[in-house]
Every structure is written in C-alpha cells, then in structure tokens.
Amino acid sequence: MVLKQLFKYMSHPRDFFEEGFIRLSQPKVLNDPFEASFCQKSLDELAENFDDSTVFDSELGELSFSKFVELRMNHIGIISFTENKENLLMWAHYANEHKGIVAGVADISQMGLFENLFSADFLLDLDLGWECSLYDGSAAPVSYRKGLRYRNDKYDYDYSNISVEGADRVLYEVFMQKSDEWIYEQEHRVILRLEQADRVIVHDIDDVSNSTVAEKIRSSPFASLNTKDNSYIINLFDIENKAERETIAIELAKLSMNPKTIYLMKLSSSSINNCLIGLNSEIEKDDVLGKHACSTGYLDIWKAKKNLDYYSIEFELI
C-alpha cells in the first residue's frame, strides 16, 4: 500500500468536510489559457507512425487523433492537488490571501480517493477492463516543460501500445503537461471524464438538449431545484441503474462550455485527513469538523502561524 499525502488550497471549505464534494473542473473554468495546448501538425505526424493513424469514436465516428483531442478535451475534468502545504504564493493566490484553508487528502492506491468512482462502460476497452483505464481516479504528478506538447517532444514517449490504449492516452497526456513557469505549484492531477461526475449543478435545465433527459431530471428524486437561482442539483450517484446514469451523464457533460455548470466528485471520508487553517482566516475548528470527513478515520486540524526568522509558515495542532 502506497500512501501519497496531497493538499488542496481553498478559499473556503464550503461543503468539502461536511459532504466530501470537490470540484471536477472543466477546461473552460481553468485559469491557464494554455491548458491542453498541443501542436496539431506534430500530433498528425506522430500518428502516421501508429498501426492505426485514426481513431473511432462511438458518437463522432472516425477521426484523426488530433481531431479527437480537439473535440473531446471539453469532456475532461481536472482535480488539482499539490505536494506542498507551505507555499506562500499558493496561500495568497488560491486560499484567499491566507484567509482560507488547505485540505489534506491521502491517496491510498488500493482504496482510492473517491467514495465510489463511476466506471462507465463507454470509457473502457472492454477487452482490457476498468483496471487498465486512464480514468481510474489516481493522482499523478504534472510534467513541466517549456516546449509545446507534440511539437518538441513527440518522439520522447513509447507509443508502441497505442493501438490498445487508444486516443484517450493522447488526450490524457495533454492535460498532464504545463509550462515550466508553473513548477512552483508541484501539482498532482486527477484526470477524469466529466461523465464520471457524482453531482452536477446545472444553471438552466433548458440547456439540456435532450428533452427526454431534461424531463427525467425535472421529475426524478435524484435531482432537486434550487429555488434561489433556479439551478438543478443532480445527484448522479443516487441513480442505481448504470445505463440510465450513463445516458444522463453523457448529456450533462455536453454543458461543459458553460462555466456555470459545476461538476463535483465525492471523496471517500477516509481520504480526508487534514485541515490547515490560514494565518488570516476567521475559520474555526468547529467549522471544518464536518460530518463526512469525521465519519471514518481521523481529521487533524492545524492553524498556520508565522515563522519569525524566515519567510515561512509553521502549523500548530489545535
């Protein structure tokens, strides 16, 4: 069993500790416009060396690898963590100027971060099974580089198994690369398909183009209307029928271009093990002793304080 301790900077705990939800961010809401950048020409040149230079998508048909990446990248979601709980820049940028918190999670490889990760059949090569999927919920370190993916390093990786791994291998890789200017973040990412989300908040149900699915959402117990803004909270994890969940999830993933659409994953309670409260935070210990996080295992609460000898922070258990 490999224990990997990771951290998530947050401006506010929201329902993270109470219910265990964490955002699965679609590309449209990420803060770096270079996310998933790749060189189409270089990828097309690389694909000429594959046994099959095209890929078949059940919805889109036969495509080049580069076209597949272009059309499918907005169905990808990212959860970002870091190795470093003491980075002053990140406390300032991502934790509301030290007024927020940092949540600690343990990536236990045999148990997983998530309560019940949805393993939809459409994500799989059925001959290989779920254990070979790239969307298995594990966190992996980001690769930092100056050159654009598939332009400067297209032959640096072994693609001898690409016919088995499929175009999702390429799609996954473009989300695991960032400019080396971001290296201070020491980021680890979980890459999932938006169709795997446990909860989706839809700003306007009329945006769902499939009228049958829209009506199902309106009338089903797994969805509720928020009367404050007329958004719908859709708990996909409450749908017992796997085929029904897949159908609805596929339609909801199509709403990813609207930044008001929010996709959420539910962490297992045992994976949440720390909370570090910022220097300038008014958040109290009782505010983060949430029902979900405390239901199993343990939750250590720490308060940040200044190191008076260096530009650094220390943490005191409270």
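Start at 1 with the first residue, then count along the sequence.
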Colleague: Under a 4.0 Å threshold between the charged nitrogen and the carboxylate oxygen, would D198 count as salt-bridged to R245?
Modeller: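 Counted as a salt bridge, because a side-chain N and a carboxylate O are separated by less than 4.0 Å.
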
Colleague: Against E173, only a single residue in K178, R149, R189 fulfils salt bridge (charged side-chain N to carboxylate O under 4.0 Å, His left out); can you say which?
Modeller: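 Testing E173 for a salt bridge (charged side-chain N to carboxylate O under 4.0 Å, His left out) against K178, R149, R189 leaves exactly one candidate, R149.
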
Colleague: First locate atom NZ of K4, then atom CD of E83, and finally report the distance between them rounded to the nearest 0.5 Å.
Modeller: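 So the gap between those two atoms works out to 8.5 Å.
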
Colleague: In this structure, are over 12 heavy atoms from other groups packed under 6.0 Å from E97 atom CD?
Modeller: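 Check fails, neighbour count at 12 or below.
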
Colleague: For atom NZ of K67, decide whether the heavy atoms of other residues, nucleotides or ligands shown that lie under 6.0 angstrom number more than 12.
Modeller: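 Incorrect, the count does not exceed 12.
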
Colleague: Measuring from R72:CZ to L171:CG, what's the distance to the nearest 0.5 Å?
Modeller: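 The CZ atom of R72 sits 9.5 Å away from the CG atom of L171.
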
Colleague: Counting N and O atoms only, with roles assigned by atom type, does the side chain of Y159 sit under 3.5 Å from a partner on the main chain of V170, one being a donor and the other an acceptor?
Modeller: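 Pair absent, no side-chain N/O of Y159 close to backbone of V170.
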
Colleague: Got a sec, which residues hit salt bridge (Lys or Arg N to Asp or Glu O under 4.0 Å) with K146, two or more places apart in sequence or on another chain?
Modeller: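 D180, E181.
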
Colleague: Any chance the side chains of S66 and D44 put a donor and an acceptor closer than 3.5 Å?
Modeller: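 Checked: S66/D44 side chains pair up, N/O donor to acceptor below 3.5 Å.
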
Colleague: Would T82 and N87 count as a side chain to side chain contact (heavy atoms under 4.5 Å, CB included) if you check the C-alpha gap in whole Å, the side-chain angles of each, and the deciding distance to 0.1 Å?
Modeller: CA-CA 10 Å; T82 178; N87 188 289; over 6 Å; no

Colleague: Any donor and acceptor pair, going by atom type alone, linking the side chain of K260 with main-chain N or O of S231 inside 3.5 Å?
Modeller: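 Answer holds: no.
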
Colleague: Mind running salt bridge (Lys or Arg N to Asp or Glu O under 4.0 Å) on D15 and K291 for me, showing each step along the way?
Modeller: CA-CA 10 Å; D15 57 0; K291 179 174 63 178; over 6 Å; no

Colleague: So, T261 side chain and L255 main chain: donor-acceptor pair closer than 3.5 Å or not?
Modeller: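 Yes: the side chain of T261 pairs with the backbone of L255.
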
Colleague: Any sub-3.5 Å donor-acceptor pair from K242's side-chain atoms to S119's backbone N or O?
Modeller: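 At least one qualifying donor-acceptor pair exists.
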
Colleague: Verify the neighbour count for atom CG of N116: are there more than 12 heavy atoms of other residues, nucleotides or ligands below 6.0 Å?
Modeller: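 No, CG of N116 has 12 or fewer neighbouring heavy atoms, counting only those of other groups under 6.0 Å.
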
Colleague: Side-chain heavy atoms under 4.5 Å apart, restricted to Ile/Leu/Val/Met/Phe/Trp/Tyr: what other residues fall into the cluster of Y310, or is it alone?
Modeller: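 Y310 shares its hydrophobic cluster with no other residue.
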
Colleague: Determine whether L89 and E185 make a side-chain contact, defined as any pair of heavy atoms from C-beta on separated by less than 4.5 Å.
Modeller: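 Contact flag for L89/E185 side chains = no.
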
Colleague: Return the CD1 to NZ distance between I101 and K99, rounded to the nearest 0.5 Å.
Modeller: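 Separation between the atoms: 15.0 Å.
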
Colleague: Determine whether a donor-acceptor pair (N or O, by modelled atom type, separation under 3.5 Å) exists between the side chain of H12 and the backbone of N96.
Modeller: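 Pair absent, no side-chain N/O of H12 close to backbone of N96.
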
Colleague: Quick one: does any side-chain atom of S220 pair with a main-chain N or O of I217 as donor and acceptor, under 3.5 Å?
Modeller: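 No, S220 side chain to I217 backbone: no donor-acceptor pair under 3.5 Å.
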
Colleague: In terms of relative ring orientation, are W91 and H98 parallel, tilted or perpendicular, with 30° and 60° separating the classes?
Modeller: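 Ring orientation of W91 relative to H98: parallel.
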
Colleague: So if you build clusters from Ile, Leu, Val, Met, Phe, Trp, Tyr with side-chain heavy-atom gaps below 4.5 Å, do F38 and L134 land together?
Modeller: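 Same hydrophobic cluster.
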
Colleague: If we count only N and O atoms by modelled type, under 3.5 Å, do the side chains of S138 and D136 hold a donor and an acceptor together?
Modeller: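 Side chains of S138 and D136: pair found under 3.5 Å.
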
Colleague: So which of F315, F7, Y94, W302 actually passes side-chain contact (heavy atoms from CB on, under 4.5 Å) with V102?
Modeller: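 Only match with V102 under side-chain contact (heavy atoms from CB on, under 4.5 Å): F7.
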
Colleague: A quick test of your reading: do over 12 heavy atoms of other residues, nucleotides or ligands sit less than 6.0 Å from CZ of R145?
Modeller: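 Enclosed: over 12 neighbouring heavy atoms sit under 6.0 Å from CZ of R145.
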
Colleague: Using distance alone, with no hydrogens and no angle criterion, decide if T296 and S270 have a side-chain donor and acceptor under 3.5 Å apart.
Modeller: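 There is no such pair (donor and acceptor under 3.5 Å, judged by atom type) between the side chains of T296 and S270.
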
Colleague: Answer yes or no: does atom CZ of F34 have more than 12 heavy-atom neighbours from other residues, nucleotides or ligands under 6.0 Å?
Modeller: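 12 or below, so no.
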
Colleague: Any donor-acceptor pair under 3.5 Å linking the side chain of Y9 with the backbone of G100?
Modeller: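 No: the side chain of Y9 does not pair with the backbone of G100.
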
Colleague: Is a side-chain donor-acceptor pair under 3.5 Å present for Y135 with D168?
Modeller: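 Present: a donor and an acceptor within the cut-off.
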
Colleague: Do T247 and K216 come within less than 4.5 Å of each other through their side chains, counting heavy atoms only?
Modeller: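 In short, these two side chains do not touch, never coming nearer than 4.5 Å.
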
Colleague: As an exercise, state the distance from CG of D32 to CH2 of W182, rounded to the nearest 0.5 Å.
Modeller: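 The distance works out to 5.0 Å.
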
Colleague: Mind checking whether L194 and L252 have side chains closer than 4.5 Å, heavy atoms only?
Modeller: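 They are not in side-chain contact.
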
Colleague: Is a side-chain donor or acceptor of S268 paired with a backbone partner of E115 at a separation under 3.5 angstrom?
Modeller: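 Side chain of S268 to backbone of E115, a donor-acceptor pair under 3.5 Å: no, none is there.
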
Colleague: Under 3.5 Å, side chain of K85 to main-chain N/O of G104, donor-acceptor pair present?
Modeller: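 Flag not set: sc K85 to bb G104 has no pair under 3.5 Å.
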
Colleague: How long is the span from the CD atom in E314 to the CG atom in L308, to the nearest 0.5 Å?
Modeller: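 So the gap between those two atoms works out to 8.0 Å.
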
Colleague: Identify whether NZ of Lys or CZ of Arg in R199 sits under 6.0 Å from the centre of the six-membered ring of F21 and within 45° of that ring's axis.
Modeller: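 Here R199 passes the 6.0 Å and 45° test against F21.
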
Colleague: Hydrophobic clustering (ILVMFWY, side-chain heavy atoms < 4.5 Å, transitive) - are L30 and V69 grouped together?
Modeller: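 Yes, one cluster joins them.
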
Colleague: Under 3.5 Å, is there a donor-acceptor pair between the side chain of N235 and the main chain of F237?
Modeller: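 Such a contact is absent between N235 side chain and F237 backbone.
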
Colleague: Just how far is it from atom OG of S25 to atom CD1 of I78, taken to the nearest 0.5 Å?
Modeller: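 The CD1 atom of I78 is 7.5 Å from OG of S25, to the nearest 0.5 Å.
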
Colleague: Looking at side-chain heavy atoms only, is the closest gap between S209 and E251 below 4.5 Å?
Modeller: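 In contact.
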
Colleague: Among L113, I22, V105, which one satisfies side-chain contact (heavy atoms from CB on, under 4.5 Å) with I79?
Modeller: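 Per the side-chain contact (heavy atoms from CB on, under 4.5 Å) rule, the option paired with I79 is I22, out of L113, I22, V105.
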
